[in-house]
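Below: one structure, written as structure tokens.
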Amino acid sequence: MSHDISEENLPESHGDSHGHAVAVHDDPFADPGLPVHEPRRTDIDERAAKRAERQVSLMFVISMLATIGFIASYVIFDIDKIVYIFPLGHVSALNFALGLTLGVALFCIGAGAVHWARTLMSDHEIPAERHPIEADDEVRADVIEQFRTGAAESGFGRRKMIRNTMIGSMALVPLSGVVLLRDLGPMPEQKLNHTGWQVATPQKPLQLINVNTNEPMKPEDVIVGSLTFAKPEGLEEEAEDFQVQIAKDALMLVRIAPDDIKDNESRDKGFEGILAYSKICTHVGCPISLYEQQTHHALCPCHQSTFDLADGARVIFGPAGHPLPQLKITTDEQGFLVATGDFDEPVGPSFWERKR
Amino acid sequence: MKKLSARRRHPLAALVVLLLALATTGGLYAAFAPAEKAQADTSAQSLAIDEGKKLFALGCSSCHGLNGEGGSDGPSLVGVGSAAVDFQVGTGRMPAQQPGAQVPAKKNIYSQAQIDQLAAFVASLGPGPVTPAKEQYTATDADAVAKGGELFRTNCAQCHNFAGQGGALTKGKYAPSLEGVDAKHIYEAMQTGPQNMPSFPDTTMPEEQKKQIVAFVRHTTNDEPNPGGLTLGSLGPVTEGLFGWIFGLGLLIAVAIWVAAHTTKAKKS
């Protein structure tokens, strides 16, 4: 497009002026100065400048249209309409339209701004000298003098009582912020120490309910190598606080051949090799049930804490602080699996007031 | 007749006669041979067990012992049932390629008939889960996918990911992706608990629920459209974050470099 620019408008040939600052000096470290300013085509050619102006405006207009398209597609497309678009396959028409229009709208604003800055805004190099940060001696002496005078006039150094009480009041003020934190919610009280299993007693045991079938289980239902999830009897999914309760009550039931169980206490808490562990990780409380039936390891997907369920759910890897709590289970008169009490220790992550 | 006799010394005459003779013999045999029903079902079964035993001796006995009793390299197969054989051999996991943390699925080299024979032999060693029939893993109720989704999230998603894409376990083990897995094999895996997967017996997860889970998995991994365009493996925030950092930020950096490196100086050329 060089034919757009008349010869005389072009900058001078700089062949001889290149490095004119250094060529004559013997000093190899001399300041080379700024490179010679070269005007852009838009600086010297009014038509090019007009064209660039139109291009920038065009991009902003495209952005406006894309935004309108975004709003329009939000209205037009049905949320569950699926269309086929070649390289992507079957995609949601709404998602595709929203993503495309918003992307175009944002991209055109950016591209327009960059194009504007590069072609039309002033591009003159402006050197900014670096100065020492400190003020000169005269100013410093003056400030120090003013400070001394102020301190003397306030009597700050002399009247110790005022000084000390002021420091005290300033130190105490932030405490009111700490008190405001109390508004974040009620104290947990005993809620963390007990789960829904606490209502079970040896006289009135609670049945273990299979979460899949909503039925109580007999020991023979749970075979070696199987994994079953259970909740306490009476906790229904329709209950208002179901999610709050199940977050503490959830159990995973595994059956391990009694000879493979390494921890005697754990074996006694189970029933004929059926062990009921809390499903809540003791690190930060993720539900864990990545159970490997041959190694008897349970893995937490969040931070890879690994528990050996054959050895009292001992932590064998990862950040968890203590073993998974185990619920003591037995059977009732009808032969269903039941719990006769709560966990011995709080389930889930540790907290400050916790004993262990 | 003259035509026929004229050609009797033709080089292909012997072949034609031979074919005619074979067809006649075959036809006569088909007509007069003893009927199929003379073979009782039990003998067909024992025949399959016999054939299965031969296949077993050839392909499986070096690890699992000559009679499936197990050895230092493989577990006992007494009581694993025909479903386990159908799954392990049908998905190519058995015979195992090499020992390791987990035996991967690979190309199956046995025909279904051979697998059935092997399964018949292993089932004869002790009672165990039986290979399911098609109606056992084909859900018919309309809301099976929805119900199955709920069951999948409770029982399976922790290892296999919420979209059935699989995930890592400890020490080199992993939960495989369920994409493209046969409905029958999904059902059998739940029934038998292959390798480190726990089993979900009918007593704790009834047949009906297994059907629903199969319906959900097949729907999610095979039939469901992909609303966003790029699934990135449906693995969740890890792949999405990685994609954002590498492709998104990488692209922005590239654009920034391009913007800074290119000037629009008018040069005389």
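Reckoned from all heavy atoms, side chains included, excluding hydrogens, waters and symmetry mates. A note on names: the letters A, B, ... follow the listed sequences, proteins ahead of strands, and every chain is numbered from 1.
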Q. Between L169(B), N196(B), T204(B), which has the largest tally of heavy atom pairs under 4.5 Å with chain A?
A. N196(B)
(Q) Only heavy atoms, only distances under 4.5 angstrom. Which residues in residues 297-306 of chain A are near chain B? (A) H297(A), L299(A), T306(A)
Q.
Minimum heavy-atom separation for T131(B) and E188(B), please, with both atom names.
A. CG2-OE2, 3.3 Å
Q) Around F317(A), counting heavy atoms of other residues, nucleotides and ligands shown, do more than 12 lie under 6.0 Å from its CZ? A) no
Q) Relative to W258(B), does R118(A) satisfy both conditions: NZ or CZ under 6.0 angstrom from the six-membered ring centre, and within 45 degrees of the ring's axis? A) yes
Q: Look only at the side chain of Q97(B) and the backbone of P104(B), and say whether a donor-acceptor pair between them is shorter than 3.5 Å.
A: no
Q: Count the heavy-atom pairs under 4.5 Å between each of V222(A), V224(A), N212(A) and chain B, then report the option with the highest count.
A: N212(A)
Q | Main-chain N/O of R40(A) paired to D43(A) side chain as donor or acceptor, under 3.5 Å | A | yes
**Q.** Atom NZ of K218(A): over 12 foreign heavy atoms under 6.0 Å
**A.** yes
Q: Side chain from CB out, backbone as N, CA, C, O: work out which of these in K81(A) comes under 4.5 Å of a heavy atom of chain B, or both, or neither.
A: neither
Q: Below 4.5 Å from any heavy atom of chain B, which atoms of I82(A) appear? Answer side chain, backbone, both or neither.
A: side chain
Q | Between Q55(A) and H115(A): side-chain donor-acceptor atoms closer than 3.5 Å | A | yes
Q. How would you list all residue pairs meeting salt bridge (charged side-chain N to carboxylate O under 4.0 Å, His left out) that involve residues 150-171 of chain B, not counting sequence neighbours?
A. none
**Q.** Residue part contacting chain A, namely of D202(B), when any heavy atom lies under 4.5 Å
**A.** neither
Q) Where along residues 142-149 of chain B does a heavy atom come under 4.5 Å of chain A, listed by residue number? A) none
Q: Could you tell me which portion of Q209(B) (side chain, backbone, both or neither) has an atom closer than 4.5 angstrom to a non-hydrogen atom of chain A?
A: side chain
**Q.** Heavy-atom pair of closest approach, residues T331(A) and P219(A)
**A.** CG2-CG, 3.5 Å
Q: Taking all non-hydrogen atoms of both residues into account, name the closest pair between M252(A) and S278(A) and its distance.
A: CE-O, 4.1 Å
Q) Non-hydrogen atoms of chain A under 4.5 Å away: do they reach the side chain of A168(B), the backbone, both or neither? A) backbone
(Q) Show the nearest heavy-atom pair for residues L227(A) and F200(B), with the distance to one decimal. (A) O-CE2, 3.3 Å
**Q.** Interface moiety of S289(A) toward chain B, non-hydrogen atoms closer than 4.5 Å
**A.** both
Q) Residues two or more places apart in sequence or in another chain: which of them pass side chain to side chain donor-acceptor pair (under 3.5 Å) with T295(A)? A) E292(A)
Q: Establish, yes or no, whether the cationic atom of K184(B) lies under 6.0 Å from the six-membered ring centre of Y137(B) and within 45° of the ring axis.
A: no
Q: Tell me, out of G110(A), A48(A), G99(A), S92(A), who's got the most heavy-atom pairs with chain B below 4.5 Å.
A: S92(A)
Q. N210(A) versus chain B, heavy atoms under 4.5 Å apart: side chain, backbone, both or neither?
A. side chain
Q. What part of L151(B) lies closer than 4.5 angstrom to a heavy atom of chain A: side chain, backbone, both or neither?
A. side chain
Q: Measure the acute angle between the ring planes of H185(B) and F87(B), then classify it against the limits of 30° and 60° as parallel, tilted or perpendicular.
A: perpendicular
**Q.** Interface moiety of F229(A) toward chain B, non-hydrogen atoms closer than 4.5 Å
**A.** side chain
